[in-house]
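Residue numbering restarts at 1 for every chain, and letters A, B, ... go by the order of the sequence lines.
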Number of protein chains: 2
Amino acid sequence: MARVGLTTERLVRAGAELADEVGFDQVTVSALARRFDVKVASLYSHLKGSQDLRTRIALFALEELADRAADALAGRAGRDALIAFAGVYRDYAREHPGRYAAARLRLDPEAAAASAGGRHARMTRAILRGYDLTEPDQTHAVRLLGSVFHGYVSLELAGGFSHSAPDSQETWTWILDRLDTMLRDRPPA
Amino acid sequence: MARVGLTTERLVRAGAELADEVGFDQVTVSALARRFDVKVASLYSHLKGSQDLRTRIALFALEELADRAADALAGRAGRDALIAFAGVYRDYAREHPGRYAAARLRLDPEAAAASAGGRHARMTRAILRGYDLTEPDQTHAVRLLGSVFHGYVSLELAGGFSHSAPDSQETWTWILDRLDTMLRDRPPA
DNA sequence: ATGTTTGCCTAAGAGAATTAGGCAAGTGTT
DNA sequence: AACACTTGCCTAATTCTCTTAGGCAAACAT
């Protein structure tokens, strides 16, 4: 009985790849076992079960995404930071649709607290410090940016913008441009 | 063997209710059969299977949502129309989270073509006629509104805005106000 | 070499999806 | 009212995934 060398770490990484290939919904302990050419029960030494696997993939994706966002933000501010940050989300979702879907998994409170969710929120706030917003407005803006990025990326991934002109990239640029302007302008009172 | 009177129609409606109660992901032909106190195999006279059930629930939800949106739009224009239309999405998602999730199901092209997706797009364009946008800008704006509404509603449903001030309603109003202003303003060049 | 840990196994049982084939409750004809 | 006919719901069987329990041997420490 040759040992394959399973670890939770390797399983989660492989699960993330599997998600990108077949969709996060299709990630199953059975499929993962097949991928390692191992019996299903063997995974239960490393994972609590199916739900645990999904949660771990989600946490992994959130970290990876936060790392990329942090890189993109380094040395940028204002409009540049906004564009770079937004691009990270969009690119990640297109490169890794399964992981992106995983990152949107609804986590239970304890998992959420241990997740990179907080980093994401802090980075968004950091970008907004480049704009001159009062406190409640900053929170509103955090929520707006989250909504636009997530919403756009979801719809694009679902194929919503693929069969009509103008192409998606143009709209993306247009939207970021308007958001930047909106945040810069003083509210009309 | 008393006949219960199953029909595709009744099954889909019950499936939609089930989705609202336990989540769209948990909607299963088995659960649906239990709900009608009937054996699972009996549903296969009315549905092609599990995937067919989910697709039908999605189409049902899209129609229902489009009907509500059309009602809300009747007799309104401009900013009022925007606010009413957006409110329909948000309220629907909060009243019927399972159906809303169903409506976001990725449909195969033929199902998508037969869906109310086109009505949704046309209504969004109708709202934008109240603003003075050139053609490409109108398409960009359709996509922006879709992204914001969907993104906001998803995040709110996932509990993203529930544990911090200011409350979600305030942000919602703030966002719609900014969108209205943005669409009204001539672009800065 | 020896004992301990532990990685992967076999076995077994439950729930979900799907297909094939059967009987009786309805429906329509005469 | 009796006829066949359609069809709604059934039983039965197969496949697949998830999960737990318990076992053997490989890796590791000494």
Can you measure [X] atom [atom1] to [N] atom [atom2] for me and round it to whole angstrom units?
X	N	atom1	atom2	answer
A:Lys39	C:dT10	NZ	P	5 Å
A:Leu47	D:dT17	CG	P	16 Å
B:Leu6	C:dA25	CG	C1'	14 Å
B:Asp37	D:dG8	CG	C1'	15 Å

| task | Give a yes/no answer on whether the side chain of B:His46 brings an N or O atom under 4.0 Å of OP1 or OP2 in D:dT7. | result | no

| field | Sugar-phosphate or base contact per nucleotide [nucleotides 15-20 of chain C; S, B, -; heavy atom under 4.0 Å] | value | -SSBB-

Is any NZ, NE, NH1 or NH2 atom of the basic residue among [X] and [Y] found under 4.0 Å from an Asp or Glu carboxylate oxygen of the other?
X	Y	result
B:Arg13	B:Glu9	yes
A:Asp132	A:Arg184	no
B:Arg119	B:Glu64	no
A:Glu63	A:Arg99	no

What protein N or O atoms touch nucleotides 2-6 of chain C N or O atoms at under 3.5 angstrom, if any, and at what distances?
| unit_1 | atom_1 | unit_2 | atom_2 | d |
| --- | --- | --- | --- | --- |
| C:dT6 | O2 | A:Arg3 | NH2 | 3.4 |

| query | Under 3.5 Å, is there a donor-acceptor pair linking the side chains of B:His140 and A:Thr171? | reply |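 Yes, side-chain donor-acceptor contact under 3.5 Å.
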
| message | Under a 3.5 Å cutoff, is there a donor and acceptor pairing between the side chains of B:Ser168 and A:Arg143? | response | no

| Given A:Glu170 and A:Phe161, is the side chain to side chain contact (heavy atoms under 4.5 Å, CB included) satisfied, shown in steps? | CA-CA 11 Å; A:Glu170 268 186 69; A:Phe161 309 148; over 6 Å; no

| task | Measure centre to centre between the rings of A:Tyr92 and A:His96, then say whether the value is under 6.0 Å. | result | yes

